[in-house]
Amino acid sequence: FQIYQQSPSVAYYTRESSKPTWWHLEKSVTKSRFEEGSLEKTWKEIITLLDKSIDQQLINNFENSIDLILNSAMVNIIGFRTSKALAYYFEYMLNEIYSKVRQLSYDSEFIYDRLLNVGKDEVVVIFALSPFSKVTIEVAEHCHKIGIPIILITDHVSCPISSYAK
């Protein structure tokens, strides 16, 4: 460390390093003849995980979800906290091909007021990414109790909403 005194009350400290601060990043994106870089390792891991996740149950659930959406009077979309951006994006993309879409994620404080307008012939798509928000779980439970079908999009098999989803 070197100290630079600008005035009696202000001193600046700098750290002298033999390597630039970007050295770790540079090492992670370059590779030698004998090792893979970070990009290649990450790509292979993603492909492996995707290959493991596709199974007949996922295909059946996907097809059932499409049927629920196409046969519903309205598709209501809910996502709070970490899931809100995905809910907004899903609404945007679905609106491009399907006109009966309603976003319910704008105000979590008024979600129950908005659910008063949701009928049993409609479907609710709930995005629930960990950490799961309490209000999302409560909304799913409420929809399940009053008979509104739920399509769940989550990142964990152990999501507490799984038992309420179709």
Side-chain angles (χ1 to χ4, degrees), residues 24-25 27-31 34-166:
H24 294 289
L25 177 62
K27 183 173 166 70
S28 72
V29 295
T30 59
K31 65 177 184 177
F34 305 109
E35 67 180 357
E36 292 181 319
S38 294
L39 179 61
E40 291 90 355
K41 287 179 184 177
T42 302
W43 187 263
K44 285 181 180 180
E45 183 177 343
I46 290 170
I47 297 299
T48 301
L49 291 173
L50 287 173
D51 285 342
K52 288 180 180 179
S53 67
I54 188 90
D55 61 6
Q56 195 57 47
Q57 181 183 6
L58 178 65
I59 293 168
N60 292 341
N61 288 340
F62 182 79
E63 290 172 354
N64 291 339
S65 298
I66 297 300
D67 288 340
L68 274 172
I69 288 172
L70 293 177
N71 295 318
S72 68
M74 181 69 69
V75 178
N76 300 281
I77 302 169
I78 298 173
F80 299 119
R81 297 178 49 128
T82 58
S83 307
K84 194 174 231 179
L86 286 175
Y88 288 164
Y89 184 69
F90 183 72
E91 174 203 17
Y92 172 76
M93 295 305 293
L94 191 57
N95 263 324
E96 294 291 319
I97 58 171
Y98 194 72
S99 61
K100 301 183 289 183
V101 179
R102 179 174 35 207
Q103 181 64 252
L104 301 179
S105 306
Y106 297 121
D107 297 313
S108 61
E109 300 85 21
F110 300 109
I111 187 63
Y112 292 103
D113 297 331
R114 294 185 189 272
L115 287 174
L116 290 173
N117 298 320
V118 176
K120 292 180 181 172
D121 60 340
E122 299 179 19
V123 66
V124 174
V125 179
I126 297 179
F127 287 84
L129 304 178
S130 62
F132 308 112
S133 73
K134 185 177 179 184
V135 68
T136 304
I137 297 167
E138 291 170 351
V139 163
E141 184 178 9
H142 175 74
C143 289
H144 180 72
K145 280 182 184 175
I146 62 175
I148 300 170
I150 298 169
I151 297 172
L152 173 64
I153 300 174
T154 187
D155 58 348
H156 283 285
V157 177
S158 62
C159 177
I161 299 170
S162 296
S163 61
Y164 306 128
K166 291 278 183 189

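Bear in mind the structure is a predicted one, so any value in this text is a computation, not a measurement.
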>> For a quick test of reading the model, state the closest non-hydrogen atom pair linking A128 to C159 and the distance between them.
In response: CB-SG, 4.0 Å
> Is atom OH of Y112 surrounded by more than 12 heavy atoms (other residues, nucleotides or ligands) closer than 6.0 Å?
Replying inline: yes
> T82 versus S130: any side-chain heavy-atom pair under 4.5 Å?
Replying inline: no
> With a 4.5 Å limit on heavy-atom distance, are the side chains of F127 and T136 in contact?
Replying inline: no
>> Let me confirm one number: the CG-CD distance from N76 to E91, rounded to the nearest 0.5 Å.
In response: 10.5 Å
> Within the distance-only criterion (no hydrogens, no angle test), does the side chain of S72 pair as donor or acceptor with the backbone N or O of I69 below 3.5 angstrom?
Replying inline: yes
> Take atom CZ in R81; do more than 12 heavy atoms of anything else shown fall under 6.0 Å from it?
Replying inline: no
> Do other residues, nucleotides or ligands put more than 12 heavy atoms under 6.0 Å from Y89 OH?
Replying inline: no
> What is the minimum heavy-atom distance between F90 and I77, and which atoms define it?
Replying inline: CD2-CD1, 3.5 Å
> So how far is it from S108 OG to E138 CD, rounded to the nearest 0.5 Å?
Replying inline: 11.0 Å
>> On a heavy-atom basis, which atom in A87 and which in I78 lie closest, and how many Å separate them?
In response: CB-C, 4.1 Å
> Taking atom CG of L116 and atom CD1 of I111, what is their separation to the nearest 0.5 Å?
Replying inline: 10.0 Å
>> Please find the pair of heavy atoms, one from M74 and one from V101, that lie closest to each other, and give the distance.
In response: SD-N, 3.5 Å
> Below 4.5 Å, heavy atoms only, C-beta onward: do L104 and V118 meet side chain to side chain?
Replying inline: yes
> Got a sec: does the CD of E45 have more than 12 other heavy atoms crowding it under 6.0 Å?
Replying inline: no
>> Taking the side chain as everything from C-beta on, heavy atoms only, tell me whether Q56 gets closer than 4.5 Å to I59.
In response: yes
> Could you go step by step and tell me if F80 and F132 meet the ring-ring contact (aromatic ring centres under 6.0 Å, His included) rule?
Replying inline: CA-CA 9 Å; F80 299 119; F132 308 112; over 10 Å; no
> Within a strict 4.5 Å, meaning less than it, do heavy atoms of the I161 and T154 side chains meet?
Replying inline: no
> Closest heavy-atom contact between C143 and L115?
Replying inline: SG-CD2, 3.9 Å
> How far does CD1 of I46 sit from NZ of K44, to the nearest 0.5 angstrom?
Replying inline: 13.0 Å
> Do the non-hydrogen side-chain atoms of V157 and S162 ever get within less than 4.5 Å of each other?
Replying inline: no
>> Distance check, rounded to the nearest 0.5 Å: W43 atom CH2 versus T48 atom OG1?
In response: 12.0 Å
>> Can you give me the closest heavy-atom contact between D55 and L58, atom names plus distance?
In response: OD1-N, 2.9 Å
> So do the side chains of E122 and R102 get within less than 4.5 Å of each other, counting heavy atoms only?
Replying inline: yes
> Quick one: are L94 and V75 in side-chain contact, heavy atoms under 4.5 Å?
Replying inline: yes
>> Let me confirm one number: the CD1-OG distance from I150 to S65, rounded to the nearest 0.5 Å.
In response: 12.0 Å
